[in-house]
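Heads up: the structure comes next, in structure tokens.
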Amino acid sequence: QVQLVESGGGLVQSGGSLRLSCAASGSILHINAMSWYRQAPGKQRELVAGIRGSAATYYTDDVKGRFTITRNNTKNTVYLQMNSLRPEDTAIYYCSAEGTLNGYWGQGTQVTVST
């Protein structure tokens, strides 16, 4: 079993930055990939960024050049550095993990970007 806890969300003005963290605990040796999703009010949940193994990353076109996904040296925490934030980035951000047999979700953290 894997547990994921997101943190780092909050209120920021347009053009500002935030760093989201996702702390993994439990059977973390079985995690193959980790991703960040977001769900804005009235919209469907979408994939924002993902990292597989030690280095392979993916970003949706809307955040390329602005967001960066990384992992710490022990691979028990994944981060999402969010720069040049826009009001359309406002959403609940969820951390997800892909294991050998199961997938996991965190509880989400709210990001609000004001004009």
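Below, all heavy atoms of this structure are taken into account, side chains as well, without hydrogens, waters or symmetry copies. Please read all numbers here as calculations on a predicted model, not as lab measurements.
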Check: How long is the gap from OH on Tyr79 to CD1 on Ile51, to the nearest 0.5 Å?
Finding: 12.0 Å
Checklist line | Contacts of Asp61 that satisfy side chain to side chain donor-acceptor pair (under 3.5 Å) - sequence neighbours left out | finding: Lys64
Next item on the list: Apply side chain to side chain donor-acceptor pair (under 3.5 Å) to Thr68 and list each qualifying residue two or more places apart in sequence or on a separate chain.
Entry: none
Residues 4-12, side-chain donor-acceptor partners within the protein, below 3.5 Å, at least two apart:
from, atom 1, to, atom 2, distance (Å)
Glu6, OE1, Gln107, N, 2.9
Glu6, OE1, Gly108, N, 2.9
Glu6, OE2, Cys95, N, 2.6
Glu6, OE2, Gly108, N, 3.3

Checklist line | Option passing side-chain contact (heavy atoms from CB on, under 4.5 Å) with Leu18 (candidates Val111, Asp89, Leu80) | finding: Val111
So do [Y] and [X] actually touch side chain to side chain, heavy atoms under 4.5 Å?
X     : Y     : value
Cys22 : Met34 : yes
Leu20 : Trp36 : yes
Ile31 : Val2  : yes
Tyr93 : Met82 : yes

Margin query: I'd like to check the side chain to side chain contact (heavy atoms under 4.5 Å, CB included) partners of Thr115; sequence neighbours left out, ordered by chain and number.
Written below: Pro87
Margin query: If the condition is side chain to side chain contact (heavy atoms under 4.5 Å, CB included), which residues does Ser84 pass it with, not counting sequence neighbours?
Written below: Arg66
Note to self: Do Tyr59 and Val113 land in one hydrophobic cluster if side-chain heavy atoms of ILVMFWY residues count as linked below 4.5 Å?
What the structure shows: yes
Item checked: Summary of side chain to side chain donor-acceptor pair (under 3.5 Å) pairs that have at least one residue in residues 11-26, sequence neighbours excluded -> Ser17-Asn83
Notebook entry, point to check: Any idea which heavy atoms bring Val48 and Val63 closest together, and the distance?
Noted result: O-CG2, 3.8 Å
Check: Any idea which heavy atoms bring Asn32 and Thr100 closest together, and the distance?
Finding: OD1-N, 3.7 Å
Next item on the list: Sequence neighbours left out, what passes salt bridge (Lys or Arg N to Asp or Glu O under 4.0 Å) with Arg86? Give chain and number order.
Entry: none
Next item on the list: For Glu88, enumerate each residue passing the salt bridge (Lys or Arg N to Asp or Glu O under 4.0 Å) test, keeping only those at least two apart in sequence or located in another chain.
Entry: none
Note to self: Going by salt bridge (Lys or Arg N to Asp or Glu O under 4.0 Å), name the pairs with one or both residues in residues 93-110, residues two or more places apart or in two chains.
What the structure shows: Arg52-Glu98
Next item on the list: Would you mind listing every salt bridge (Lys or Arg N to Asp or Glu O under 4.0 Å) that reaches into residues 40-49, with sequence neighbours excluded?
Entry: Arg38-Glu46
Check: Transitive ILVMFWY cluster of Tyr37 at side-chain heavy atoms under 4.5 Å: who else is in it?
Finding: Leu47, Tyr58, Ile92, Tyr94, Trp105
